[in-house]
Amino acid sequence: MFKFNKMFLAPAVLAAAILAPNTYGQLVGVGYSGTDEVITARIGVGANLVTVGLGGMFDSDVPANAPAFEARFVLGFLGHLHNWEQVNTYFNAQIMGDLFDRDEDNFELAAFVGLQPEVTLFDHIVLSTRFGLEAPIMPAFSIGTDGRSISVVSGVDFTIKF
């Protein structure tokens with residue numbers, strides 16, 4: 001069903017992403033990324049943030065050529081650029097990995113670099129979106145732009161700060 005080497009890579013990267021920042025920072029918020037479709041945790045490292053996301057999908061009623069199972073992980077770095085009271089801007093660099101239930105090309109990996117503006121509402125709710133370049137790395141490499149219309153459903157990330 002899955003190839004062992006690709007199946008082992010995703011949990012290993014995710015475990016390193018979760019364990020390494022916890023030795024240097026603290027958990028500052030949790031949320032949901034509509035852009036990446038994952039539940040996220042933010043770890044503060046000085047003025048910067050490390051984001052770790054994990055998500056998945058299981059649907060037994062899919063067409064024969066579509067995967068019934070998908071697992072996704074996201075590891076990102078948000079470098080703080082500017083702060084204007086309730087508005088912050090960050091440099092965003094992240095990798096995204098997807099693991100599928102299919103025989104061929106069951107693991108995909110992509111990278112993203114760009115800007116991520118954020119608005120803090122009521123001191124604890126953060127809404128953000130991002131724009132920049134996304135490059136699929138595996139199984140085939142290509143470069144394209146990444147950006148979505150600002151939509152609460154699909155284009156905005158939601159975080160609750162502690």
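Since the model is a prediction, treat every value here as computed from it, not as a measurement.
In this structure, Leu115 and Leu81 have side chains that are in contact, with non-hydrogen atoms separated by less than 4.5 Å.
One N or O on the side chain of Gln86 and one on the backbone of Thr120 form a donor-acceptor pair closer than 3.5 Å. A distance-only check finds a donor-acceptor pair linking the side chain of Arg72 to the backbone of Asp36 [under 3.5 Å].
Using a 4.5 Å cut-off between side-chain heavy atoms of Ile, Leu, Val, Met, Phe, Trp and Tyr, with links allowed through other members, Ile95 and Val50 fall into the same hydrophobic cluster.
For the atom pair Phe73 CZ and Met96 CE, the distance stands at 10.0 Å (nearest 0.5 Å). Going from atom OG1 of Thr35 over to atom CZ of Phe112 covers 8.5 Å, rounded to the nearest 0.5 Å. Considering OG1 of Thr51 and OH of Tyr90, their distance stands at 11.0 Å, rounded to 0.5 Å. Between atom CE of residue Met57 and atom CG of residue Asp98 there is a gap of 10.0 Å, rounded to the nearest 0.5 Å. To the nearest 0.5 Å, the span separating NE2 on His82 from CZ on Phe91 amounts to 13.5 Å. Annotation: the span from Ile43 atom CD1 to Leu78 atom CG amounts to 11.5 Å, rounded to 0.5 Å.
The neighbour count for Leu127 CG, taken as heavy atoms of other residues, nucleotides or ligands under 6.0 Å away, is above 12.
Just one residue in the list His80, Gln116, Arg42 forms a side chain to side chain contact (heavy atoms under 4.5 Å, CB included) with Leu49, and that residue is Arg42.
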